[in-house]
Amino acid sequence: MKFFIDTANLEQIHKAQSLGILDGVTTNPSLMAKEGVKGLDNIYDHYKAICNIVDGPVSAEVFANDLDGMIKEGEILHALDPKKITIKLPCTEDGIKAVKYFSEKGYATNCTLVFTVGQALLAAKAGATFVSPFIGRLDDIGSDGIALLKQIVDMYNYYEFDTQVLAASVRHSRHILRCIEVGADIATCPLNTILDLVNHPLTQKGVEIFNKDADKMR
Ligand code: E4P
């Protein structure tokens, strides 16, 4: 399973990249706003800075809600780094039309804010490169995010869609383990959630014991 980092914070992206396990980045307008990026030129420069750090897809979300606006913004985003930028589009009627438009041009797309199998089907039929079911936000409302993830993975396998399932709104390491179990292609997570996978008290304890024994032999 691939790992994307879900942030627009350059320091965190650098840190994840330095681990050597980073496959890509996802951002959204809320994550960009959190970094205090203001003005279109600065926003575009920020995406370019992210692309310069990571060797993989970088999801950049459109701000527009209508098809014409999405197409205009998507073209600008794509041109920032045609090999790395993935145009992130919401799973709305206009968003699906925009996914179709860009997929026919051969541009990478990420159909986001997906909460049902039906939405995932439409995203795949429109030719999305990635589909982003929001696991944590479904759990937040008492629904089962991982169950939805599994249904989408099974449906894509059954119909042999090429669209990759990108588990989003991943909140903790248990979510990641469940993503692996159900066969998600990618999980996008905050840095802390990725680091939680590394740390285990028995690993730490084992290192301390080995250090003591190594000292005896020096
Ligand atoms: C990723 O593409 C999403 O924008 C992100 O995972 C949303 O996560 P949240 O529900 O924690 O805001």
Side-chain angles (χ1 to χ4, degrees), residues 1-10 12-13 16 21-37 43 46-47 50-51 53-54 56-65 70 73-74 77-78 84-92 95-96 98-99 102 107-116 119-120 122-124 126 128-149 152-153 156 163-180 182 184-197:
M1 188 176 72
K2 289 183 180 170
F3 267 121
F4 287 3
I5 188 167
D6 194 26
T7 183
N9 183 280
L10 299 181
Q12 290 186 17
I13 295 169
I21 52 86
L22 191 63
D23 299 300
V25 177
T26 51
T27 64
N28 63 39
S30 307
L31 293 171
M32 290 292 281
K34 211 167 149 189
E35 297 310 308
V37 191
I43 290 168
H46 199 84
Y47 286 133
I50 294 174
C51 289
I53 301 171
V54 68
V58 173
S59 284
E61 191 158 346
V62 296
F63 293 171
N65 293 313
M70 288 176 183
E73 270 184 56
L77 292 169
H78 174 80
K84 291 185 185 171
I85 288 287
T86 297
I87 307 165
K88 202 174 178 191
L89 299 147
C91 192
T92 58
I96 291 292
V99 169
F102 287 122
Y107 295 6
T109 55
N110 175 353
C111 191
T112 190
L113 289 165
V114 164
F115 295 94
T116 68
Q119 288 180 311
L122 296 180
T129 315
F130 304 104
V131 67
S132 291
F134 276 41
I135 308 312
R137 291 194 196 184
L138 276 173
D139 289 358
D140 288 346
I141 59 161
S143 196
D144 187 344
I146 294 294
L148 171 70
L149 190 66
I152 296 172
V153 169
Y156 281 5
T163 303
Q164 296 174 58
V165 183
L166 197 175
S169 191
V170 170
R171 302 273 173 75
H172 43 74
S173 52
R174 173 127 189 88
H175 266 158
I176 299 177
L177 300 180
R178 298 300 319 279
C179 287
I180 296 167
V182 304
D185 296 294
I186 307 143
T188 187
C189 337
L191 179 62
N192 285 348
T193 313
I194 298 175
L195 294 179
D196 277 351
L197 288 185

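Side chains are part of it too, since the values below use all heavy atoms of this structure and drop only hydrogens, waters and symmetry mates. Order of appearance sets the numbers: ligands from 1, and atoms from 1 within every ligand.
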- Task: For ligand 1, find out whether one of its N or O atoms is nearer than 3.5 Å to an N or O atom of Asp6.
- Result: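 Between Asp6 and ligand 1, an N or O pair is found under 3.5 Å apart.
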
Check your understanding: For Thr27 and ligand 1, does the shortest N/O to N/O distance drop below 3.5 Å?
Key ->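 So ligand 1 has no N or O lying under 3.5 Å from an N or O of Thr27.
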
Please state which protein non-hydrogen atom is closest to [atom] and give its distance, to 0.1 Å?
atom                   : value
atom 7 (C) of ligand 1 : Phe134 CE2, 3.6 Å
atom 4 (O) of ligand 1 : Asn28 ND2, 2.7 Å
atom 8 (O) of ligand 1 : Ser169 CA, 3.4 Å

Taking the side chain as every heavy atom from C-beta outward, state whether Leu77 and Val62 have any pair of such atoms under 4.5 Å apart.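 Of all side-chain heavy-atom pairs linking Val62 with Leu77, at least one is under 4.5 Å.
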
Item to check | Thr112 versus Ser132, side-chain donor and acceptor atoms under 3.5 Å | outcome: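 Ser132 vs Thr112: no donor-acceptor pair found between side chains.
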
- Could you give the distance from CZ (Phe130) to OG1 (Thr163), rounded to the nearest 0.5 Å?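 Rounded to the nearest 0.5 Å, the CZ-OG1 separation comes out at 10.0 Å.
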
Ala168: numbered ligand 1 atoms lying under 4.0 Å from its heavy atoms: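 Atoms satisfying the 4.0 Å criterion: 1 (C), 2 (O), 6 (O).
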
Margin query: Check this for me, if you would: do Asp140 and Arg171 make a salt bridge, where the nitrogen-to-carboxylate-oxygen distance has to be below 4.0 angstrom?
Written below: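 Here Asp140 pairs with Arg171 in a salt bridge, since their nearest N and O are under 4.0 Å apart.
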
*Check each of Arg137, Arg171, Lys88 against atom 2 (O) of ligand 1 and report the one with the nearest heavy atom.*
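Answer by nearest heavy atom: Lys88.
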
- Item | Pro190 backbone acceptor or donor facing Asp6 side chain under 3.5 Å |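 No, Asp6 side chain to Pro190 backbone: no donor-acceptor pair under 3.5 Å.
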
Would you please test Leu166 and Asn110 for side chain to side chain contact (heavy atoms under 4.5 Å, CB included) and show each step? CA-CA 9 Å; Leu166 197 175; Asn110 175 353; 3.7 Å; yes

